[in-house]
Amino acid sequence: MLKKVSRQLTKSSRKFLVAGSGLSVQTGRYFGESILVGTVTGFTVVAFHWMAVFAQRNVMERIGHHHFLSRLSDGAAFSRLYMKSIFSDPNRWIMLVLPAVGAVLGYFLIKRFASTEHARGTDSAINAYHRKGGYLPAAVIPVKPVASVLTVGFGGSAGYEGPVTLLGAACGSFVATCLNLKTRARRILMAAGLSAGIAALFQAPLAGAMFGFEIFYSSSDIEYETVLPSFIASAVSYSIYGCFYGWGSLFTMPPDCVYENGVKLLPYFVLAIVVTFGARFYISFFRTLERWFGQLRMMGSVKVAIGGLATGMIGFFFPDILGTSYSVIQACFTAGESELFADYGPLTIAGFVCFFFMKAIATSFTVGSGGSGGVFAPAIVCGGTLGAAVGLFFRSVLPDSVGIHPAAFALVGMAGFLASAVRIPLTAIVMVAEISGNHSLLLPAMWVCGISFWLNNDWSLYRSQVHSRESSPVHG
């Protein structure tokens with residue numbers, strides 16, 4: 001039935017394109033298949049999102065009484081009163097071990113039903129595209145979401161975007177396998193599914209589509225064959241997700257975050273330098289810890305437990321780093337708006353910088369030890385906190401006439417960090433606009449992403465990325 005519907009859709013699209021515009025039949029290839037991939041991925045991401053929300057509400061909030069936001073971002077994290085309240089709260093001691101419990105459960109689930117290499121999320125999808133003909137086992141579809149929810153939902157410092165990338169790629173590979181398509185078609189549909197997953201969960205259809213043809217290379221090369229299928233699959237997946245969870249953006253920003261003064265390019269240049277070195281720290285620490293865990297001669301479950309305990313210890317003092325930390329992004333967008341942030345201005349800068357290091361370290365322990373989670377979403381959070389810190393600094397030293405808004409720097413910092421660490425400058429520019437609903441900062445985002453991407457050449461979070469199309473086994 002699946003094969004019949006796909007062939008009919010593709011056949012109809014080819015006839016329409018050839019008869020209506022004289023275009024090559026190649027233009028309409030994989031149209032029907034891309035719709036199927038977007039449909040399967042959309043409903044799968046809907047189920048994944050439901051599981052993630054269920055875990056956070058019933059584990060982190062109900063069992064661990066984990067409430068965002070801690071006193072880290074308002075500058076009072078190191079006060080004597082706050083430290084006293086930490087040790088007197090029995091629920092804080094539960095959160096000390098919950099990340100380890102969830103990470104170990106997720107590890108055993110993947111080891112039993114899939115493969116430990118698929119704990120790597122986006123990296124595994126990139127590797128499958130270049131070296132495995134786009135093939136991913138169908139077991140990834142039910143197993144990876146549950147394992148990731150156990151890891152992140154129990155307090156592990158990681159993101160859901162990496163797992164949902166692999167999930168979408170597996171959906172594309174599954175559709176291609178069911179339709180008995182060739183290797184080339186499987187790679188294309190795998191990339192389309194990868195795009196569809198990001199488009200739905202991030203509520204960013206255009207950025208998700210661009211992600212599917214930009215993520216495979218660390219240079220500025222793109223995968224041309226996947227462009228149109230990624231657009232189709234992302235549109236369908238996002239529409240399905242929106243029917244269940246709404247059509248708004250992930251975050252809200254103050255309405256006065258605009259770019260209307262050319263002098264601001266100089267502070268944004270400093271921001272580009274800061275996020276570049278921040279991305280280098282994030283990448284180098286993560287890879288160093290990953291290599292250290294790989295050299296340990298002990299069972300994988302023990303390594304994951306060590307990483308979870310280390311995350312729990314950091315989260316014991318700074319609970320903001322547990323889970324996805326999306327509440328901190330919203331705090332970055334409101335930095336400097338309330339009297340509380342105004343009173344703790346200098347301490348808030350230190351608090352955001354401190355959070356960046358704690359988040360990077362905790363994520364490295366969670367994922368670098370073998371936990372099932374992504375490093376993409378933590379990169380967004382790290383970029384936002386660095387951007388907010390830089391924005392608060394310049395607002396305190398520059399005249400009010402310049403119009404420095406910390407929230408604008410937070411948003412642009414997110415884009416620059418992604419461009420630098422993940423090597424997706426085009427996707428980063430569009431993504432931050434879509435997830436915030438703010439399209440007035442495209443110019444500074446272009447400026448910062450271009451500089452940070454250029455400065456951080458040959459640095460990438462994903463080992464499976466190749467430099468260019470000529471370097472890929474697919475085209476070489």
If I compare all heavy atoms of [X] with all of [Y], which pair ends up nearest, and what's the gap?
X: G278; Y: L386; result: CA-CD1, 4.0 Å
X: C382; Y: F417; result: CB-CZ, 3.9 Å
X: F231; Y: A209; result: CD2-CB, 3.4 Å
X: V367; Y: G374; result: CG2-O, 4.2 Å
X: G371; Y: V304; result: N-CG2, 4.2 Å
X: A362; Y: I321; result: CB-CD1, 3.5 Å

Test your reading of the model: is there a side-chain donor-acceptor pair from [X] to the backbone of [Y], 3.5 Å cut-off?
X: K303; Y: L296; value: yes
X: S195; Y: S230; value: no
X: D221; Y: H467; value: no
X: S464; Y: D123; value: yes
X: E214; Y: T427; value: yes
X: Y238; Y: F202; value: no
X: S369; Y: T366; value: yes
X: S173; Y: L136; value: yes
X: S452; Y: C449; value: yes
X: E434; Y: S249; value: no

Can you check side-chain contact (heavy atoms from CB on, under 4.5 Å) on V381 and F355, steps first, answer last?
-> CA-CA 9 Å; V381 178; F355 176 86; 3.4 Å; yes
Could you give me the CA-CA distance, side-chain angles and deciding distance for Q465 and S218, then say whether side chain to side chain donor-acceptor pair (under 3.5 Å) is met?
-> CA-CA 6 Å; Q465 279 181 334; S218 60; 5.2 Å; no
At what distance, to the nearest 0.5 angstrom, does [atom1] of [X] lie from [atom2] of [Y]?
X: M210; Y: I198; atom1: CE; atom2: CD1; value: 13.5 Å
X: L418; Y: L461; atom1: CG; atom2: CG; value: 9.5 Å
X: F43; Y: S237; atom1: CZ; atom2: OG; value: 10.0 Å
X: H405; Y: L441; atom1: NE2; atom2: CG; value: 10.0 Å

Kindly indicate, with the supporting measurements, whether the criterion side chain to side chain donor-acceptor pair (under 3.5 Å) is fulfilled by S148 and S372.
-> CA-CA 5 Å; S148 301; S372 179; 3.1 Å; yes
Report the C-alpha separation of V422 and S460 in whole Å, then their side-chain angles, then the decisive distance to 0.1 Å, and conclude whether the side-chain contact (heavy atoms from CB on, under 4.5 Å) test is met.
-> CA-CA 6 Å; V422 188; S460 176; over 6 Å; no
Can you label the angle between the F281 ring and the F356 ring as parallel, tilted or perpendicular, going by 30° and 60°?
-> tilted
Do E290 and R463 sit within salt-bridge range, that is, some charged N less than 4.0 Å from a carboxylate O?
-> yes
Would E223 and R469 pass as an ion pair if we require N to O under 4.0 Å?
-> yes
Would you please test F357 and F285 for ring pair (Phe, Tyr, Trp, His ring centres under 6.0 Å) and show each step?
-> CA-CA 10 Å; F357 286 105; F285 191 88; 9.5 Å; no
Sequence neighbours left out, cut at 3.5 Å: what donor-acceptor pairs do the side chains of residues 406-416 make with other protein atoms?
none

Are Y217 and H130 close enough that their ring centers fall under 6.0 Å?
-> yes
Go through I215 and L194 one step at a time and tell me if the side-chain contact (heavy atoms from CB on, under 4.5 Å) criterion holds.
-> CA-CA 10 Å; I215 187 60; L194 180 149; 4.1 Å; yes
Would you list the atom pairs, donor with acceptor, under 3.5 Å between side chains in residues 44-55 and any protein atom, with sequence neighbours excluded?
residue: T44; atom: OG1; partner: V40; partner atom: O; Å: 2.6
residue: H49; atom: ND1; partner: Y241; partner atom: OH; Å: 3.1

Sequence neighbours left out, what pairs pass side-chain hydrogen bond (donor to acceptor under 3.5 Å, both in side chains) with at least one residue falling in residues 151-167?
-> S157-K359, S157-T363, E161-Y326
Kindly confirm or rule out a cation-pi arrangement of R423 over F453, judged by NZ or CZ under 6.0 Å from the six-membered ring centre and within 45° of its axis?
-> yes
Verify side-chain contact (heavy atoms from CB on, under 4.5 Å) between L36 and F174, making sure each step is shown before the conclusion.
-> CA-CA 11 Å; L36 289 177; F174 171 74; over 6 Å; no
Would you indicate whether R131, at its atom CZ, is surrounded by more than 12 heavy atoms from other residues, nucleotides or ligands within a distance under 6.0 Å?
-> yes
